[in-house]
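I have placed the structure first, in the form of structure tokens, so that the comments after it can refer back to it.
Within every chain, numbering begins at 1; the chains are lettered A, B, ... in the order of the sequence lines, protein sequences first and strands thereafter.
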Amino acid sequence: MIRVRALQKVYPGATVALRHIDLEIAAGEFVALIGPSGAGKSSFLRCLNGLIAPTAGEVEMDGEPVTGATGERLRRIRARIGFVFQQFHLLRRLTVLENALIGRLGHVPQGRSLVGWFPVADIARARATLQRVGLGGLWDRRVDTLSGGQQQRVAIARALLQEPRVLLADEPMASLDPALASTVMQLLRRINEEDGITVVTSLHVLELARAYGRRVIGLRDGRVVYDGPPDQLTDAVAAQIFSGAQP
Amino acid sequence: MTRTARWAGWVAILALFLWSASATELSLLRMVEGVPFMLDFLRRMVPPDFSVMGNAVRGAVQTLQIAVVGTGVSALLALPLGFAAARNVAPSWLFYGARSVLNVFRAVDTLVYALFFVAAVGLGPFPGVLAVVAYTTTVLAKLYSEAIEAIDPRPVEAVAATGATALQVLRWGVLPQLVPQFLSFTLYRFETNIRAAAILGFVGAGGIGFYIQTYLRMLDYPAASAVLLVLVVLVMLVDFASSRIRARLV
């Protein structure tokens, strides 16, 4: 359960990313976050796992405040939240398996992780997860030899290996071509349905939000302007969300 | 830039060149006059006298050893200095301090340090090692700091987002980006240090240069050319091996 209260984010130079956001996301939901670029989607997601600190307001994850958490407590919260980035954010010189194992850092003994000697069970788990996202057998390939779609699946495997309660995805399809985009979308849906992991993903394509979202949240100028099922997201409403959007 | 400014720039460069050429007594005539002497010099170097091979190889091995120890110690010292001189890691007082120190020490070349250390600790390979360390540490620290500044922050953020500790972020987000580059820079400096260490013997700081200078002074040109040949082979071997390894690192 994610609870967001009066969330506000202002960057230095008075750029307002989030004006005032109140919402709750129940465990197991699949939420598509839409809005024009600059609407605050990335800032919102990054406030949820404490990658950035909000200017005002609060974020709670399973009853535990994320806002203001530091050190060990923040790490424990983050370990339960997977984050998938638009541009994958992999270590390009490391192998597929090594990148995936980074998702286990919150679970394995720190000393062993520092010398790169991961427990056998964690390696087996990483291989199984890579198999599941369709990358079986590519374990020892350097990730910079993979296609964009494969790289994004490595990143999803990394997030899944955290055994997260929540998976946040920041426009995970924006760097991929349309055919790959629906594959990744289906993967996120499967993760949501089979593992019961809450998924919150921002999307730049309205069609994907309509096709895959169970709940759509429309952001504009740092405010929620739509929150409801995809079938009530008429063209008129969509036009309202995106109208006057900066290119 | 306007046309006039561009022309003025070219004229200034030309003037600087002509001024320097006349001051350094640049003269084609004198060079041509020198050709017979150069040929004579070369003629006296052949055939090389390979009876001094023992000395030549001993000198080459010592040059290699000076470069290995000098580069190794420099790499260790350059690590903390590199982080201290990286704008995105170090606090600004440390950054400016470290950068200034590096720039000052880098202005002086290895051979000058060798003169200093020979005077300080006496003749032999040890002052040579110190000279290599004094110069190479600053160069490597500069190269390391530039690599640290060019690090991609995105994977670092991704590792932090998994709930990793600061040490884990360093190990899995930062080091994979830096280690191959650090190794590559260090190998490159090792190649350069072989050449630098080869002339350290001229000022009494050990290595193959000692024999080159000794035989030239004794006017034993065949022996000098044998030693030079060994030096050429050493440099070529090290360059070849090192560039092969570097190509695989990046």
Inset, instruction - Indicate, with yes or no, if the rings of B:Y188 and B:F190 have centres closer together than 6.0 Å. - result: no
Legend entry - Proximity breakdown for A:L74 and chain B, heavy-atom pairs closer than 4.5 Å: neither
Legend entry - Centroid-centroid distance, B:F182 to B:Y144, less than 6.0 Å: yes
Legend entry - Interchain contact, A:Q162 with chain B, by part (heavy-atom threshold 4.5 Å): side chain
Inset, instruction - Give the member of A:E98, A:R158, A:R75, A:Q87 that has the highest number of heavy-atom pairs under 4.5 Å with chain B. - result: A:R75
Legend entry - Residues B:N193 and B:T136: side-chain donor-acceptor under 3.5 angstrom: yes
Inset, instruction - Flag the one option from A:E72, A:R46, A:R104 with the top tally of heavy-atom pairs under 4.5 Å to chain B. - result: A:R46
Legend entry - Centroid-centroid under 6.0 Å between B:F17 and B:W10 rings: no
Legend entry - Contact winner vs chain B - A:V84, A:L94, A:L101, heavy-atom pairs under 4.5 Å: A:L94
Inset, instruction - Name the option with the most non-hydrogen atom pairs under 4.5 Å to chain A; the candidates are B:G173, B:A161, B:A164. - result: B:A161
Legend entry - Six-ring centre of A:F30, A:R189 cation under 6.0 angstrom, axis tolerance 45°: yes
Legend entry - Contacting region of B:P153 [heavy-atom separation from chain A under 4.5 Å]: neither
Legend entry - Engaged part of A:R73 at the chain B interface, taking heavy atoms whose separation is under 4.5 Å: neither
Inset, instruction - Select one option (side chain, backbone, both, neither) describing which atoms of A:I102 are under 4.5 Å from chain B's heavy atoms. - result: both
Legend entry - Contact leader toward chain B among A:L161, A:L51, A:L90, where contacts are heavy-atom pairs under 4.5 Å: A:L51
Inset, instruction - Describe, in one word, how the ring planes of A:F85 and A:F83 are oriented to each other, choosing from parallel (under 30°), tilted (30 to 60°) and perpendicular (over 60°). - result: tilted
Legend entry - Close side-chain approach of A:N49 and A:L168, heavy atoms under 4.5 Å: yes
